[in-house]
Amino acid sequence: MLNPDPARPVVRDEIVAAPPRSAKPLVRLEDVSLKYDTMLALDRTTLSIEPGEFVALVGPSGCGKSTLMKLVTGLLPPTTGEIWFGETRVTGPLQGAGMAFQNATLLPWRSTIDNVMLPLEIVDPYKRMPRGANSELRRRSQSLLDIVGLGEFGDRQPWQLSGGMQQRANLCRALIHEPKLMMLDEPFAALDAFTKEDLWQVLQDLWMRRRFTAILVTHDLREAAYLADTVYVMSNRPGRILHRCPVLLPRPRTPETTFDAAYTDLVNELRAMIAAVRSK
Amino acid sequence: MSATLTPRQKLIKYSRPWLVALALILVWEGACRVFHIPEFVLPTPSRVAAATIEFKDLLAMHALQTLMTTLIGFFIAIVVGVLLGVAIGSSSGIYDSLYPLLIGFNSIPKVAVVPLIVIWSGIGTVPAIITAFVISFFPIVVNVATGLASVEPEMKDVLRVLGASRYEVLTKVGIPRSLPYLFASLKVAITLAFIGSVVSETIASNDGIGFLMLSASSRYQVALIFSGVIVIAVMSILMFLVCVAAERRLVGWAFRGQAG
């Protein structure tokens, strides 16, 4: 279970995963603030995320992490400031971003594979494809399910799957249409520790194959350190970004990585930063 | 989450309502005989059974009329109820403007409105259909709207950042999600529709079980009134079972772990 694909040995290489700073970030926030009525949720945040970068946002609860996600995806308009996705300014919901939440929200009337295929019915160009393309798309969904270890469960109904398996299917649904941007809002928060670490592996594996840009919101500092290229630490409300911590651990990271001194040092450092924020 | 029942347990489970009904009938029969209750006050079940057989053609004719008006009214209620429920459930503007009015409308006793309906539409089939519709569409509206409101906000966000239109959110998630609520309301609405058509027939009709019961009562044929009651109850239970069967078939996913 720890290594979902035994044919591909999990070896540690020495590639430093943080991509080089390019002139063309995929997501850019410029001096963005958001007010709910009179409450300032996010305060003058500037942030730039490279294509293919895996970013984690951590911070005390209520610090506006989820707000930041809604802003980046265009679900909420900022009160001031600008948000850019590639070359276009974000003024409404993005078209074709992947999203996964703590609640897997699989549709109970669809089989697992039909749940995974849902975005293909909505996102261009897939939804315009002729009926004949359906079997090809189904094959693609099946191979994605194979990667996350759900190959034999495509025909099951979602409620026949365990919580961890539902989250795997949820990740597949968020990725099936090969989005450039994947938003993850505490996707593993409701899972037990073992399942959680399995899914870190699954997510890292998917990310290394597809190299989508990922923004992960999490409370779990170990999770942030395990998965991200860059961890941003946010302050108490009103949320602002206090620290930017590049994670220089080699990929692929494995359960052994979590015993690495560099890893535990980073987690402790993050913990100290959050503790400092909370005591303010 | 009940475990699978053995055939014996199943027999016991499903025979219970029949046993209770049988016991009540026996008590009724016994009480009538012991206390010598006159037939024009309370006829014995055996007398009711005899009357039912004696007037079976008449009962069948009127039952068919009542069934027809009820079902037409019920289908109109489904169409109007679903359309209105979807409109209310998917737009907060429509919700704000219509919902308070619907609550007010629903609190009007429909029986009191039947004379008005008769003035507008004459007597007979049409007011019965309208009354059946008016009395049964409200639970459908409320349940469909509630079902749409039960869509998880996360799911809406997922679909919106995929670029889904409001129409797509509605058809991919909203409507399937509200189907179990719709079927729950249909089980209530079909029995209400029977009440509506019978009330209307009692007030203004020359056909239907309601009319038959009224004319039987004016001639003190109390056994025939009871026959009418039984015919209505049987039709109502049968239509209820039709709704349950449709529900199991179309939204079986909402009953996981029960049906197996």
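Naming: A, B, ... by sequence-line order, numbering from 1 per chain. Please read these numbers as outputs of a predicted model, since none were measured by experiment.
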Got B/Arg160 and A/Thr73 here, is their nearest side-chain heavy-atom distance under 4.5 Å? no
Any non-hydrogen side-chain atom of A/Leu118 less than 4.5 Å from a side-chain atom of B/Met155? yes
Contacting moiety of A/Leu107, where chain B heavy atoms sit under 4.5 Å: side chain
Would you say that more than 12 heavy atoms from the other residues, nucleotides or ligands in this model lie under 6.0 Å from the CG of A/Asp155, or not? no
What is the distance from atom OG1 of A/Thr105 to atom CG of B/Leu159, rounded to the nearest 0.5 Å? 8.5 Å
Heavy-atom distance under 4.5 Å between the side chains of B/Lys172 and A/Arg110, does that happen here? yes
Spatial distance of atom CG (B/Asp157) from atom CE (A/Met99) [nearest 0.5 Å]: 5.0 Å
Measure A/Gln160 against the heavy atoms of chain B and call it side chain, backbone, both or neither at under 4.5 Å. neither
Answer yes or no: does atom NZ of A/Lys180 have more than 12 heavy-atom neighbours from other residues, nucleotides or ligands under 6.0 Å? no
For residues B/Val173 and A/Trp109, report the shortest heavy-atom separation together with the two atoms involved. O-CH2, 3.6 Å
Please determine whether the number of non-hydrogen atoms from other residues, nucleotides or ligands lying under 6.0 Å from atom CZ of B/Arg166 exceeds 12. no
Using heavy-atom distances under 4.5 Å, tell me whether A/Leu181 contacts chain B through its side chain, its backbone, both, or neither. neither
Output the option from B/Glu154, B/Glu152, B/Glu168 having the highest count of non-hydrogen pairs under 4.5 Å with chain A. B/Glu154
